[in-house]
Amino acid sequence: MKNICVIGVGYVGLVTGTCFADLGNNVTALDINQQRIENLKKGILPIYEPGLKELVERNVTAGRLHFTTSYEEALRDTEFVFICVGTPSGVDGEADLQYVRAAAEAIAQHMDHPMIIVNKSTVPVGTGDWVSDIIRNTQPKPIDFAVVSCPEFLREGSAVRDFMNPDRTVLGSSDQAAAEAVAQLYLPLRAPIVMTDIRTAEMIKYASNAFLATRISFINEISIICEQLGADVEEVAEGMGFDKRIGHHFLRAGVGYGGSCFPKDVRALTYMAETHGMHPQLLRAVTEINNFQRKHVALKLRDLLGDLQGKTIAILGLAFKENTDDIRESPALAVAQILLEQGATIRAYDPVAMENAAREVPELVLCQSPYEAVAGADAVAVLTPWNEFKNLDMERIRDSMKTPIMVDGRNMYNPSEMREMGFRYRAVGRGCNGDGVDFNGE
Ligand code: NAD
Ligand code: UGA
């Protein structure tokens, strides 16, 4: 059992802290957001993440997981401090490090014994050394510490499972003993551990996210070509994926990637390259293709409906992906904004993200079910692939809409079945799927 402190109780911090507690460690999770900590003490979680609530309750009850807003309390007797604060996009796509700086300064001010500081936030290459400098310059008196980079690779919606079953753990440090001490914490997870220097570890995180984003933009570009040439991108991806050098993962064409990480991390890596005099053409194209996917939904709706002024469009799904309430850089909200700008009324439904979405886009008319959202609508756009949308009663939907028009931004449904049912149906990259439809999917 080790004493661990986690700074920041967002998606990464709360999952990391809770999972380490579940592995038998004594964890104190700290946040500067008083409301979040008060709620956590009452068992109310700040985020929706499958399985997390039960895990928090179990570890709080077992006395292994504690919450506080006090750095003094959190750092008492701790051996490891995990920095898990946000690193949002700043001006020009540069990562905004103000929260990392504040956390590093607060750690330094309250440090009264040696400790290992582990950076889990996604930070630009060189930040580990910068954090060391901040701590050294802020400490009231010199105390030994080491900084280790340990980037996090979990996905929202499956965060607990991803944390407990990682493909690898990456540890970067100039202090071998500190990196090995952190490695001991991860040994129960039985995943390969990659030990490297701190800058390389920081780059592994950006390169991994940028590569996955590139795969998505690649298949989205292929989807556009498929639409024009009469091929089916779903079958193309399936056929490509059997090649072991390619694989099936992250080849789902759709409305583009969203979320708090891919968009910002591709931008941040682009920025890092540009400010060092390079021309990151591929990274720029990845972002450009991604932005177009959102506009493409609106273009399809315009194509089907004509002028969108005064039209009512139902949107199913507001979260940036399924199984989360996170709406940061959600493609669904980006599409909603475009449609609103063109004068449409948006009736929206999401199983868990409506409260967050309403804060971001107050113009949305929120509905309590997919059926309520589509009633009387001129068209419906399906933008988040929630399981609950897979088996909708399509006849009921068709009959309650003003016109049965659907843009399926996530390729959820069978095009021929939808058309047989009487929908004017457009999917992504499914110009033809062997059912005799023309290249534009009609
Ligand atoms: P988040 O915004 O959900 O949570 C960050 C938390 O840190 C907030 O609760 C905030 O109040 C708190 N905080 C801010 N400043 C603080 C300070 N000085 N002291 C204590 N607490 C402070 O962020 P997140 O989504 O968990 O992401 C955290 C980092 O991890 C980011 O760098 C992100 O890129 C990276 N990451 C995120 C994911 C993900 O799925 N969300 C996955 C891998 C990596
Ligand atoms: C992503 C990475 O998968 C994690 O490894 C990483 O830790 C995390 O970013 C991070 O750094 O924060 P996450 O954003 O939670 O995780 O979710 P993903 O499942 O990767 O989906 C990201 C976006 O891409 C979603 O909008 C999703 O719908 C979209 N996507 C994903 C596609 O459009 N097609 C795909 O084939 C896969």
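Read the numbers this way: they start at 1 and go in the same order the structure lists the ligands and their atoms. Since the structure is predicted, the reported quantities are computational estimates derived from the model, not experimental observations.
Looking at atom 19 (N) of ligand 1, its nearest protein heavy atom turns out to be Y71 OH, 2.7 Å. Atom 23 (O) of ligand 1 has as its closest protein heavy atom R328 NH1, 4.0 Å. Looking from atom 43 (C) of ligand 1 to the surrounding protein, the closest heavy atom is E152 O, 3.3 Å. Scanning all protein heavy atoms for the shortest distance to atom 42 (C) of ligand 1 gives L154 O, 3.5 Å. Protein heavy atom in closest approach to atom 21 (N) of ligand 1: I32 N, 3.5 Å. The single protein non-hydrogen atom nearest to atom 11 (O) of ligand 1 is D31 OD1, 2.6 Å, given as residue, atom name and distance.
With ligand atoms numbered from 1 in the order given, ligand 1 contributes 1 (P), 3 (O), 4 (O), 6 (C), 9 (O), 26 (O) to contacts under 4.0 Å with heavy atoms of G10. The ligand atoms of ligand 1 that sit less than 4.0 angstrom from a heavy atom of S260 are 41 (N). Each of the following atoms of ligand 1 lies closer than 4.0 Å to a heavy atom of K264: 33 (C), 34 (O).
A salt bridge is absent between K321 and D326; no separation between the charged side-chain nitrogens and carboxylate oxygens falls under 4.0 Å. For the pair R426 and D408, the salt-bridge criterion is not met [side-chain N within less than 4.0 Å of a carboxylate O]. Between K42 and E38 there is no salt bridge, since no side-chain N of the basic residue sits under 4.0 Å from a carboxylate O of the acidic one. Ion pairing of R284 with E274 is present here, as a side-chain N (NZ or NE/NH1/NH2) and a carboxylate O approach within less than 4.0 Å. In this structure, D303 does not pair ionically with K300, as no charged nitrogen and carboxylate oxygen lie closer than 4.0 Å.
For atom 27 (O) of ligand 1, the candidate residues are L97, I7, V12; the nearest heavy-atom contact is made by V12. When the heavy-atom distances from atom 31 (C) of ligand 1 to N119, T87, I107 are ranked, the shortest goes to T87. Nearest to atom 13 (N) of ligand 1 by heavy-atom distance, out of T69, V85, L14, is V85. Selection from P46, G86, A29, G8 by nearest heavy atom to atom 5 (C) of ligand 1 gives G86.
Put simply, the side chain of R64 gets close to the backbone of A21: a donor and an acceptor are under 3.5 Å apart.
Taking the ring axis of F153 as reference, the NZ or CZ atom of R168 stays within 45° of it and closer than 6.0 Å to the ring centre.
Between F211 and Y206, a ring centre-to-centre spacing not shorter than 6.0 Å is recorded.
Not a single heavy atom of F153 sits closer than 4.0 Å to an atom of ligand 1. The closest approach between any non-hydrogen atom of C261 and ligand 1 is below 4.0 Å.
Ring-plane geometry between F242 and H248 is classed as perpendicular, the angle between the planes exceeding 60 degrees on a 0 to 90 degree scale with a lower cut at 30.
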Using residues 47-54 as the side-chain source, report each donor-acceptor pair under 3.5 Å to any protein atom, sequence neighbours left out, with the distance given to one decimal.
{"residue": "E49", "atom": "OE1", "partner": "G157", "partner atom": "N", "Å": "3.0"}
{"residue": "E49", "atom": "OE2", "partner": "G157", "partner atom": "N", "Å": "2.7"}
{"residue": "E49", "atom": "OE2", "partner": "S158", "partner atom": "N", "Å": "3.1"}
{"residue": "E49", "atom": "OE2", "partner": "A159", "partner atom": "N", "Å": "2.9"}
{"residue": "K53", "atom": "NZ", "partner": "G43", "partner atom": "O", "Å": "3.3"}
{"residue": "K53", "atom": "NZ", "partner": "E57", "partner atom": "OE2", "Å": "3.0"}

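Polar contact with ligand 1: absent for R155 (N/O pair, distance under 3.5 Å). At under 3.5 Å, a nitrogen or oxygen of E156, whether backbone or side chain, sits near a nitrogen or oxygen of ligand 1. Considering backbone and side-chain N/O atoms, N33 never comes within less than 3.5 Å of an N/O atom of ligand 1. Polar contact check, T122 against ligand 1: a nitrogen or oxygen pair lies under 3.5 Å apart.
Closest approach of V15 to L154, counting heavy atoms only: CG1-CD2, 3.8 Å.
Ligand 2 is surrounded by E152, F153, L154, R155, E156, K205, N209, I216, F250, L251, R252, Y257, G258, C261, F262, F320, K321, R410, each with at least one heavy atom closer than 4.0 Å.
Donor-acceptor pairing under 3.5 Å is lacking for the side chains of S217 and N220. Between the side chains of W386 and D350, at least one donor N or O lies within less than 3.5 Å of an accepting N or O.
Take Y257 and apply the ring pair (Phe, Tyr, Trp, His ring centres under 6.0 Å) test, not counting sequence neighbours, and it matches F262. Partners of I225 under the side chain to side chain contact (heavy atoms under 4.5 Å, CB included) rule, at least two apart in sequence or in another chain, are E221, L229.
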